[in-house]
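Below you'll find the structure, written out as structure tokens, and then a few comments.
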Amino acid sequence: MLEIYNSLTKSKEEFKPIEEGKIRMYVCGMTVYDYCHIGHARVLVVFDVIVRYLRLLNYEVTYVRNITDIDDKIIVRALENKEDFMLLTERFIKAMHEDCEALNVLPPDIEPRATDSMADIISMISKLEKNGYSYTANNGDVYYDVKKFKEYGKLSGRKLEDQIAGKRVEVDAAKKNPEDFVLWKMAKVDEPSWDSPWGKGRPGWHIECSAMSTQCLGDQFDIHGGGMDLKFPHHENEIAQTEACTGKTSVNYWIHNGFVQVDETKMSKSLGNFFTVREVLKNYRAEEIRYFILNSHYRSPLNYSSDNLDAAKSALANMYNTLRGIKTDKFDGILKNRYSERFVKAMNDDFNTAGAISILFEITHEINRLNSGSKSEAQELAAQLKYLASILGILQEDPEVYLQGGVNALDGLETKEIDKLIQQRIEARISKDFKEADRIRDVLTAKGIVLEDKAGDTIWRKE
RNA sequence: GGCUGGGUGGCAGAGUGGCCAUGCUGCGGAUUGCAAAUCCGUCUACCUCGGUUCGACUCCGGGCCCAGCCUCCA
């Protein structure tokens with residue numbers, strides 16, 4: 001039985017889909033004006049694993065992850081760059097897709113863009129206007145009248161009267177109430193704009209998600225996800241918009257992942273303490289980043305540090321080392337035993353990937369113990385290890401390639417040279433010239449090559 | 001002030017009413033020409049104060065501390 005922590009009810013609940021065997025899921029994707037940082041990577045990886053796991057449970061999942069390609073930040077950045085905003089967003093959409101591919105994040109089924117959804121956005125605002133939830137301020141902007149939506153605050157657990165308006169962001173003078181938010185914003189000179197019943201302008205920050213999610217998934221769907229920082233105001237406002245339009249509960253399960261922190265402080269663009277995915281990829285493999293993310297529960301804070309990534313690196317190398325030289329193709333991997341049971345139990349418990357990884361290590365350990373004895377059992381377990389790891393999107397590379405490759409992969413010439421030196425060392429060892437053998441090993445060690453002398457053979461891997 | 005999450009061994013990080021997480025690192029042993037890898041063993045872990053209980057790190061209550069949110073953020 002799958003249990004999910006639902007941010008809406010603040011408790012773990014048994015998951016029941018709206019439609020038997022099917023899941024409709026929406027995740028807030030990127031606002032594309034810069035490269036993805038590790039915080040974005042966390043959302044991408046976490047929900048990637050959630051989707052993979054839901055599919056494993058035989059649900060037919062429709063996964064929608066949007067792209068917000070028009071908003072204030074994009075306009076500001078495009079202006080700074082003296083660049084058309086569309087060129088800017090195209091560039092970062094491409095970069096995001098590259099990052100996703102590197103991180104082994106499977107593409108969503110639908111990836112709607114705000115700028116392609118203008119008709120839906122406008123029709124939704126019209127409906128809100130018709131239902132009496134909006135007003136046009138004297139500056140021409142259309143606002144959502146939060147006081148009209150009785151359930152406002154149900155997701156974040158906030159009461160309007162307890163909030164300190166303008167605590168961090170200045171309140172717009174045109175609003176009736178500080179908690180109101182913009183639905184349609186009038187275009188200033190030289191700003192990108194779309195025609196609408198309220199004049200040329202662009203959508204406010206929250207409406208695009210309400211429009212795209214209902215457009216792609218209907219008035220009601222199962223899961224809505226995103227980072228913790230979106231819970232308020234973004235998701236609260238999405239609820240206000242969608243439910244004021246449809247009169248129905250829009251989402252059954254809200255899933256929010258925790259932050260990535262740097263030195264115990266949230267990683268964010270505004271604080272400037274972020275590391276982009278491509279930056280980190282210069283020093284670590286994508287799989288190491290993925291492991292690092294999945295090694296803690298998705299709701300916990302995750303501290304970014306090179307120590308933690310180094311630990312991820314060692315841990316993965318150990319698992320690959322175990323798989324090295326074991327043929328797994330004879331078995332399909334779908335083995336039912338105490339490992340698979342506990343793996344599923346962990347994943348069923350609100351996607352406890354850290355617990356699931358610990359099971360992978362228990363299997364690894366068992367394979368190491370068996371390897372000298374029962375070969376076929378070791379192969380069977382290795383196939384299982386790979387299969388279970390595939391749900392987390394790790395351990396899928398050829399171990400040989402993985403262990404000899406990496407961030408600064410060697411070229412063919414270098415590997416030929418290594419093989420030559422290893423051959424020389426083997427000969428030295430046969431003639432008991434250990435001084436020479438050690439000298440050769442030292443040369444390779446200095447290049448970051450680690451040797452392992454197996455029975456009658458020597459293999460190598462990168463440090 | 002209100003609202004969310006959290007506080008677990010050297011570090012990271014799960015979990016459980018009584019016994020073992022797991023990973024990284026350190027230490028001892030086996031193995032090895034020496035290593036590496038692997039195996040075996042090992043390091044005073046559960047913020048604090050009360051309560052419930054035969055038994056609490058785990059359940060309940062009061063503190064303290066950390067992070068985040070209160071209309072820019074994943």
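Each chain gets a letter, A, B and so on, in the order its sequence line appears, and its residues count up from 1. Keep in mind that what you see is a predicted model, and the values were worked out from it rather than measured.
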Could you work out which one of [options] sits closest to the side chain of [X]?
| X | options | value |
| --- | --- | --- |
| A:Tyr291 | B:U4, B:U71, B:G23 | B:G23 |
| A:Ser296 | B:A14, B:G2, B:G33 | B:A14 |
| A:Tyr5 | B:U71, B:U4, B:G33 | B:U4 |
| A:Glu264 | B:A74, B:A67, B:U71 | B:A67 |
| A:Asn257 | B:U71, B:A74, B:U25 | B:A74 |

Worksheet item: Pick the nucleotide of RNA chain B nearest each of A:Pro301 and A:Lys231; which residue has the one closer to the 5' end?
Response: A:Lys231

[atom1] atom, [N] versus [M]: distance in rounded Å?
| N | M | atom1 | value |
| --- | --- | --- | --- |
| B:C65 | B:U25 | C1' | 28 Å |
| B:C47 | B:U58 | C1' | 15 Å |
| B:G62 | B:C27 | C1' | 42 Å |
| B:U16 | B:G63 | P | 26 Å |
| B:A30 | B:C24 | C1' | 23 Å |
| B:G41 | B:C3 | P | 50 Å |
| B:G17 | B:A37 | P | 38 Å |
| B:G18 | B:A56 | P | 11 Å |

Using a heavy-atom cut-off of 4.0 Å across all strands, would you classify [X] as base, sugar-phosphate, or nothing?
| X | result |
| --- | --- |
| A:Ser270 | base |
| A:Lys159 | nothing |
| A:Arg42 | nothing |
| A:Thr265 | sugar-phosphate |
| A:Gly39 | base |
| A:Asp310 | nothing |
| A:Ser300 | sugar-phosphate |
| A:Ser268 | base |
| A:Asn352 | sugar-phosphate |
| A:Gly153 | nothing |
| A:His297 | sugar-phosphate |
| A:Glu236 | nothing |
| A:Lys10 | sugar-phosphate |
| A:Phe47 | nothing |

Worksheet item: If you draw a 6.0 Å radius around NZ in A:Lys10, do more than 12 non-hydrogen atoms from other residues or ligands fall strictly inside?
Response: yes

Response to the item:
Rounded to the nearest 0.5 angstrom, the CZ-CD distance for A:Arg113 and A:Glu208 is 14.0 Å

Please determine, for [N], whether a Watson-Crick or G-U wobble partner exists with both distances under 3.5 Å, and give it or none.
| N | result |
| --- | --- |
| B:A12 | B:U22 |
| B:C59 | B:G51 |
| B:C27 | B:G41 |
| B:A74 | none |
| B:U4 | B:A67 |

For atom [atom1] of [X] and atom [atom2] of [N], their distance in whole Å:
| X | N | atom1 | atom2 | answer |
| --- | --- | --- | --- | --- |
| A:Leu155 | B:G2 | CG | C1' | 16 Å |
| A:Gln241 | B:U71 | CD | P | 17 Å |
| A:Met228 | B:A67 | CE | P | 15 Å |
| A:Asp99 | B:A74 | CG | C1' | 14 Å |

Item to complete: Start with the C-alpha distance between A:Arg441 and A:Asp438, add both sets of side-chain angles, then the distance that settles salt bridge (charged side-chain N to carboxylate O under 4.0 Å, His left out), and finish with yes or no.
Response: CA-CA 5 Å; A:Arg441 186 167 59 196; A:Asp438 290 350; 3.4 Å; yes

Item to complete: Check each of A:Asn139, A:Asp141, A:Asp72 against A:Lys185 using the side chain to side chain donor-acceptor pair (under 3.5 Å) test, and report the only one that passes.
Response: A:Asp72

For [N], does either OP1 or OP2 sit under 4.0 Å from a side-chain N or O belonging to [X]?
| X | N | answer |
| --- | --- | --- |
| A:Arg299 | B:G6 | yes |
| A:Tyr298 | B:A74 | no |
| A:Lys345 | B:G15 | no |

Item to complete: Check RNA chain B against residues 138-146 of chain A and give the residues with a non-hydrogen atom under 4.0 Å, in numerical order.
Response: none

Item to complete: Grab the two heavy atoms, one from A:Pro192 and one from A:Arg202, that are nearest each other, plus how far apart they are.
Response: O-CB, 4.4 Å

Worksheet item: Of the non-hydrogen atoms in A:Asp180 and A:Val146, which two are nearest, and what is the gap between them?
Response: OD1-N, 2.9 Å

Response to the item:
Only residue of A:Leu392, A:Leu316, A:Val45, A:Asn295 satisfying side chain to side chain contact (heavy atoms under 4.5 Å, CB included) with A:Arg290 is A:Val45

Can you tell if the side chain of [X] reaches within under 4.5 Å of the side chain of [Y], non-hydrogen atoms only?
| X | Y | result |
| --- | --- | --- |
| A:Asp229 | A:His234 | no |
| A:Tyr135 | A:Leu183 | no |
| A:Leu360 | A:Ile394 | yes |
| A:Tyr298 | A:Thr353 | no |
| A:Thr445 | A:Leu451 | no |

Worksheet item: Any ion pair linking A:Arg338 and A:Glu362 (charged N to carboxylate O, less than 4.0 Å)?
Response: no

Taking the six-membered ring for Trp, are [X] and [Y] parallel (under 30°), tilted (30 to 60°) or perpendicular (over 60°)?
| X | Y | result |
| --- | --- | --- |
| A:Tyr304 | A:Phe292 | perpendicular |
| A:Phe92 | A:Tyr35 | perpendicular |
| A:Phe181 | A:Tyr144 | parallel |

Discussion item. What does the B/S/- profile of nucleotides 34-41 of chain B look like, 5' to 3', with a 4.0 Å heavy-atom cutoff to protein?
Written reply: BBBSSSS-

Check: protein-nucleotides 16-22 of chain B nitrogen or oxygen pairs below 3.5 Å:
none

